[in-house]
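Only one structure is covered here, and it is reproduced in the block below.
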Protein chains: 4
Amino acid sequence: MNAVVPNLRPRKSPVQARSAATVDAMRIAAIQVLTQEGVSRCTTTRIAERAGVSVGSLYQYYPNRDALLAAILETHLDGVAGAVDRACRAHRGRSVADMAAAVVAAFLAAKRRNLQESQALYAVAAELSGAALVARMRNRIVAAIADMLAHAPEADFDDPAMTGAIAFSAVAGPTRILLEGYAPAEFDARLEEQLILLLTGYLGARRRPAGGAKRGS
Amino acid sequence: MNAVVPNLRPRKSPVQARSAATVDAMRIAAIQVLTQEGVSRCTTTRIAERAGVSVGSLYQYYPNRDALLAAILETHLDGVAGAVDRACRAHRGRSVADMAAAVVAAFLAAKRRNLQESQALYAVAAELSGAALVARMRNRIVAAIADMLAHAPEADFDDPAMTGAIAFSAVAGPTRILLEGYAPAEFDARLEEQLILLLTGYLGARRRPAGGAKRGS
Amino acid sequence: MNAVVPNLRPRKSPVQARSAATVDAMRIAAIQVLTQEGVSRCTTTRIAERAGVSVGSLYQYYPNRDALLAAILETHLDGVAGAVDRACRAHRGRSVADMAAAVVAAFLAAKRRNLQESQALYAVAAELSGAALVARMRNRIVAAIADMLAHAPEADFDDPAMTGAIAFSAVAGPTRILLEGYAPAEFDARLEEQLILLLTGYLGARRRPAGGAKRGS
Amino acid sequence: MNAVVPNLRPRKSPVQARSAATVDAMRIAAIQVLTQEGVSRCTTTRIAERAGVSVGSLYQYYPNRDALLAAILETHLDGVAGAVDRACRAHRGRSVADMAAAVVAAFLAAKRRNLQESQALYAVAAELSGAALVARMRNRIVAAIADMLAHAPEADFDDPAMTGAIAFSAVAGPTRILLEGYAPAEFDARLEEQLILLLTGYLGARRRPAGGAKRGS
DNA sequence: AATGAATGAGAGTTCATTCAT
DNA sequence: GATGAATGAACTCTCATTCAT
């Protein structure tokens, strides 16, 4: 993914069955190559080869390499953001502890569902156009969390957006360690419980008794 | 940084003053190129040119491009890890709240001290060999925090390593957002305060009254 | 148009009305693409798209891209050569001045009639197989002019073929400038008059009084 | 040479002897490839191969393929324009017949001096960026001729620029036929004499007796 | 007949790395 | 030691052409 920002929109949508298969094969292939070779060795040739199609086919669906990677990243992020979004909507009006548990569970489940994909895409997200996509999806999640917090019955957050941003990224940080694969098994086992603890603690501290003074922590 | 992992050690240590100056010039040049052009366009030629030396000279100090980037990343990570390490040592035996404040302050200060560098190196860290370096420095920081927690007078953590790992990465997550440059000004202003809140809450919840049962979360 | 010269003949003659329409649509499309994108970007896909047919259909009528371009060029050249040919036949036995005026007028009119086409095809004519077609049509025109000159009543040209060749290409040279689009408006306005002057002068000088000595210029 | 107009300036001037040799080898190689394969098959790889250097070297001196071809064309055109220019300056104040002979001789000699080069570059000149270069050099030649005509003692041209433009392109037209290689030997032998005849006739007709009425042809 | 997805050779271009100067 | 011209493998992307539908 380069610094210049060209067209990253897919070229055409796969309407025929054959096309859909091709597009999906390329997605899976790209993730595999990303995992096994790293971003810089994740070339169009290798992706096509792995997918069992020709390079030409790749370029029928994406204007360039970056667009392919961006599309995969975007789909992934959409999935994650959607999952968290749904969890937030489903837990409006519940207790802060419930909210924390719900967000953590939804996020972790979404990431764990496509483990390899989640791992592979960190490198893509680090590149320029990837960072923008990540920022967008983060905004979406933060907005969902903030909205949920704003309607918390037992508490009154003075700055739900800020609180949501910190809350989400505080959860995303440790999750990343897990996905990067350098964490011990125990980390994996206890991550969810610890993240809930982390979030509950933070949201509990951030909360003011309803009707309390502004910014009173 | 490629997937194949060859020799990444610098070729010679800069014993002479001139060498040290050259090495530093290359480091600064690399960070600038990284920032302005992105990882994929951060070429040896461009780095050398920017540093005012010839490509040949660059190869006098590093066996290949990856070694150069790895060295820069390592130096950076060492600085950050060292800062947190010192803060931990300096706050042994203090209250949990003091510890939280100290770690957050040290980490944020280290990252903010070399803002551009911190930003530029995220992309380097995302590549395969970078991830290993990051994991190593994280282990060092986590060990320092765990050690500090293990000696907390007012509390008794059942698994300081796990707690330290979660604590550190929970702080690193939001910090990354800040550095990636997509955060609003208010985020910047209130980040430290919020991270302390986050950490204090987590560590407070994790703590058991001295002498309590194991693993009672 | 490539150096290798394979089959350049159209695959089938457009006997049906629909075929004729398709072929013409492709011709027009090709000229548009040629003008807007240049020869090297004048691809079969683009031509077909512009013509509103599929690439497959294009290959139903022409064995390859070069054949399509060659056919268009040939049609164009035929039109021009035919126009000059007719003018020559129509002015047999007239005065040299009349002949000059007639040739110039016919040639310019033919080129101006399909201005865009004339411009676009220069690039096609410059490629290897195009040059051969141009040479053929030039021969035809030169023969027509030579024939006309041979029957001039008031004069006796010692080498009508040579004279015709020089005459025609001397007219074609300035015309090309006009078509290439770099000429000022005044050039356009006065071109015909000047070309007639040019030709009249040349043919007048070349002419020997009937029965005069050979090669007396 | 594509429609988009990027940087066509050479990258660096060959200061060292080795570099100069490399650049010249590429020029000669390009002309050979152009002649033997045609523009579209005149690829950077083939040029480099023929020149006995690597593709990389080619790109050290020119930012892209078009720049290389443009540079060759420009050098060639400069040579031709310079020759005609000198001839014009050297024949100021001479008779119109002398002028005509001088211009024709200079132009033909310049073209014949580098026969293969002249032939090969027609195709390059037909592409977009080539056409612009040709137009520039033509303007230079036309200006030189016009200036010479303006100082003709025996005559008074009402529009030297127009006259010069017609005169030059009338000479260039037949010359092109010669260079394109489709002309018979006799054409070659008699071309110069015929072109002088052509030009003398035209300039003679265009001239008005000094002090005569405007536009009296 | 028509379509257009798929093909894959091949083009332009870059860049890590070497080595003669 | 320093230089930077030369190298050439490897990369991204295009496009003429085919053929299953």
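Labels below follow one simple rule: chain letters A, B, ... track the order of the sequence lines, proteins then strands, and each chain is numbered from 1.
- Residue Tyr59(A) places no side-chain N or O under 4.0 Å from the OP1 or OP2 atom of dG8(E).
- The separation between Asn64(B) atom CG and dA16(E) atom C1' is 9 Å, rounded to whole Å.
- Shown here for Ala126(A) and Ala126(B), the closest heavy-atom pair between the two residues is CB-CB, 3.4 Å.
- In DNA chain E, runs of at least 3 consecutive Watson-Crick or G-U pairs, each pair with both distances below 3.5 Å, span E:2-21 with F:2-21.
- Each of Ser57(A) and Thr45(A) was matched to the nucleotide of DNA chain F holding its nearest heavy atom; the match closer to the 5' end belongs to Thr45(A).
- Separating the CZ atom of Arg41(D) from the C1' atom of dC15(F) is a distance of 14 Å, rounded to the nearest angstrom.
- At whole-Å resolution of the value, CD in Glu49(D) and P in dA6(F) are 18 Å apart.
- For the OP1/OP2 pair of dT3(F) and a distance below 4.0 Å, the side-chain nitrogens and oxygens of Ser54(B) include at least one atom meeting the criterion.
- Between Met26(C) atom CE and dA2(E) atom C1' there is a gap of 13 Å when expressed in whole angstrom units.
- Within the 4.0 Å cut-off from OP1 or OP2 of dA6(E), at least one side-chain nitrogen or oxygen of Tyr61(A) is found.
- Nearest heavy atom pair, residue Leu133(D) against residue Ala70(D), reads CD1-O, 3.6 Å.
- If you find the closest nucleotide of DNA chain E to Gly52(C) and to Gly52(A), the one lying nearer the 5' end belongs to Gly52(C).
- Contact check, Arg46(C) against dC15(F): a side-chain N or O comes under 4.0 Å of OP1 or OP2.
- The OH atom of Tyr62(C) sits 14 Å away from the P atom of dA2(E) (whole-angstrom rounding).
- Comparing dG1(F), dT3(E), dT12(F) by their nearest atom to the side chain of Gln60(C) picks out dT3(E).
- Taking atom CD1 of Ile47(D) as the reference point, atom P of dT13(E) lies 11 Å away to the nearest angstrom.
- For Thr44(C) and dC15(F), the shortest distance from a side-chain N or O to OP1 or OP2 is not below 4.0 Å.
- Note on Val55(D): a base of the nucleic acid sits closer than 4.0 angstrom, heavy atoms only.
- Residues meeting the salt bridge (Lys or Arg N to Asp or Glu O under 4.0 Å) test with Glu180(D), sequence neighbours left out: Arg138(C), Arg176(D).
- Position along DNA chain F of the nearest nucleotide to Leu58(D) versus Gly56(A) favours Leu58(D) as the more 5'-ward residue.
- Distance Arg65(A) CZ to dC11(F) P: 10 Å, rounded to the nearest Å.
- To the nearest 0.5 angstrom, Glu127(B) atom CD is 11.0 Å from Leu73(B) atom CG.
- The nearest pair of heavy atoms linking Ala30(C) to Cys42(C) is O-SG, 4.1 Å.
- Looking at heavy-atom distances under 4.0 Å, Thr43(B) makes contact with sugar-phosphate atoms alone, never a base.
- In this structure the side chain of Tyr62(C) never reaches within 4.5 angstrom of the side chain of Leu69(C), judged on heavy atoms.
- Shown here for Ile31(D) and Thr35(D), the closest heavy-atom pair between the two residues is O-OG1, 2.8 Å.
- With contacts defined as side-chain heavy-atom distances shorter than 4.5 Å, the pair Arg46(D)/Gln36(D) does not qualify.
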